[in-house]
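Note that ligands are numbered from 1 as they come in the structure, with each ligand's atoms numbered from 1 the same way. These numbers come from a predicted model, not from an experiment.
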Amino acid sequence: MTQETGGFAALDLHPNIVAAVIATGYEEPSAIQQQSIPIILAGHDMIGQAQTGTGKTAAFALPILNRIDPAKREPQALILAPTRELALQVATAFETYAKQMPGVTVVAVYGGAPMGPQLKAIRNGAQIVVATPGRLCDHLRRDEKVLATVNHLVLDEADEMLKLGFMDDLEVIFNAMPETRQTVLFSATLPQSIRAIAERHLKDPKHVKIQSKTQTVTAIEQAHLLVHADQKTSAVLSLLEVEDFDALIMFVRTKQATLDLASALEAKGYKAAALNGDIAQNQRERVIDSLKDGRLDIVVATDVAARGLDVPRITHVFNVDMPYDPESYVHRIGRTGRAGREGRALLLVTPRERRMLQVIERVTGQKVAEVRLPDSQAVLDARIKKLTNSLAPLVADAEASHGELLDRLTADIGCSPRALAAALLRKATNGQALNLAAIEKERPLVPNNAPRGDRADRPSGDRPDRGDRERRAPMPLGEGRARCRTALGARDGIAAKNLLGAILNEGGLAREAIGRIQVRDSFSLVELPEDGLERLLAKLKDTRVAGKQLKLRRYRED
Ligand code: ADP
Ligand code: MG
């Protein structure tokens, strides 16, 4: 479709708006834009339902810009957004689309910044106010007339606003505006609470629903990896070795987990940072800016902190912890594949969470394929490829610039060019030997090839036919066994045979009764018979290994 005959030009928008939109690189309106723009232009109230990443901002921003009068220096449109980040994003979008409309000003109103300048910008004649409900109510308390001239209201991400508890603020805002206003509501989901608001505050709204649950995620290649909770960090590190990513966002459930994982990544040399609700808002913005411009490559975030995050560089989303519901899954993975780009989403699934995986597959209407941890060979190949890619461009002219130096050094040292090149490689790789043996030593635990045992770790009554997927799942728990943990590990000088010996001797068990023993750096796991476990643990209460108390406890992974 050419721009002259269709696309944005066919939508009855002001030519200056169309020109600005085309200048941003949009070629055609998205489905929600195609359907919403004529309705809003015609002045109707509207409810728009579409998933993240479908282009809802322009769906309301373009027609709203078209409907305001730049000559009137007073607030005419109010857009409510759930968070400061989203409000800023929407305000920036408005500014972009209004680039060729002289006289149009946009003000963003949000908490954490002084109120004075915001109020001044409104009074100075900003026609478009983009606000979070909480801060806007603060302004209303100071001046109840602030919204008296606003005749277009947009609720963006209405479901998120309600989740964040803005219901009462919204009521205050509705009541501070002229009843004759146009009201438009956008939401990814339409729970009863939103329908109730629409019922009370919208007039004969037109409904637009984009059935895009799957459409939003088709550009995103999804995969999952079965892993035990305590192996997540090492799994993430292995995956990073082989994934070809630009920027990456990892989701975890807790603030502490954002900090722990981010520092584990930093320790491995990745440019990573945590993003969580405890981090001050201006600092959060700095993190996002750094991710945008490449000073950071990985952000480890909680759902709340990453809400609405739009960074085109993001090629990968790692769901390190399972999302709470399938909708947040869709939200999370919508952080990649922005604007039709390709993205990749990986979901770590612990044995107990397999059921949630099925729910996600059902809701998104897509299979989330299983992948396995890269083996040592794959890691080796990836590292060599990286090294090759970094050196290849230098080869062409290095001889011209450094050839003579090489001759001199080989002469001075009295070695072959091959020996010197090898020494330089050792330096370039920080002494890391790039061979299988070295990599295997680095990665003591690759849970890939464990045989599949009983499904004791799966919720009972849930026995779907998963074909050969089940057989390949990592780290099964042997039949009738329970996993137990001790805080003794390799750093305490413990080896599997010490644990085995102690348990056999003190516990009076047969060798066959003891299952897998895994010794990690700071702890170890042992599989013991479920039957009579409490008695056995009591018996082992005072057992010492390598001079330290064993203190074996039943272990639950999540
Ligand atoms: P939503 O609010 O539905 O999550 P956004 O409005 O934030 O989606 O848009 C998602 C991304 O798609 C943004 O980067 C935006 O610039 C881009 N985008 C929006 N509309 C178009 C379009 N018609 N063509 C290309 N890219 C678009
Ligand atoms: Mg949006």
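Look at D143 and R123 and you find a salt bridge, because one of the NZ, NE, NH1 or NH2 atoms lies within 4.0 Å of a carboxylate O, short of that distance.
Heavy atoms from other residues, nucleotides or ligands lying under 6.0 Å from CZ of R142 number 12 at most. More than 12 heavy atoms of other shown residues, nucleotides or ligands fall within 6.0 angstrom of atom CG in N389.
Comparing D156, T57, V90 against atom 5 (P) of ligand 1, the shortest heavy-atom distance belongs to T57.
In this structure, A50 falls outside the shell of residues with a heavy atom less than 4.0 angstrom from ligand 1.
When heavy-atom distances to ligand 1 are checked against a 4.0 Å cut-off, F8 comes that close only through its side chain, counted from C-beta outward. Contacts of E157 with ligand 1, taken as heavy-atom pairs under 4.0 Å, are absent altogether.
Near S30, meaning under 4.0 Å from one of its heavy atoms, ligand 1 places the atoms 23 (N). Close approach to E28 involves these atoms of ligand 1, each under 4.0 Å from a residue heavy atom: 22 (C), 23 (N), 24 (N).
Inclusion of E27 in the set of residues having an N or O under 3.5 Å from an N or O of ligand 1 is not warranted. Polar contact check, T54 against ligand 1: a nitrogen or oxygen pair lies under 3.5 Å apart.
Between the side chains of T302 and N276, no donor-acceptor pair is found at a separation under 3.5 Å.
Taking the centre and axis of the six-membered ring of Y324, the NZ or CZ atom of R253 falls inside the cone set by 45° and 6.0 Å.
Within the 3.5 Å criterion, the main-chain N or O of H44 finds no donor-acceptor partner in the side chain of K203.
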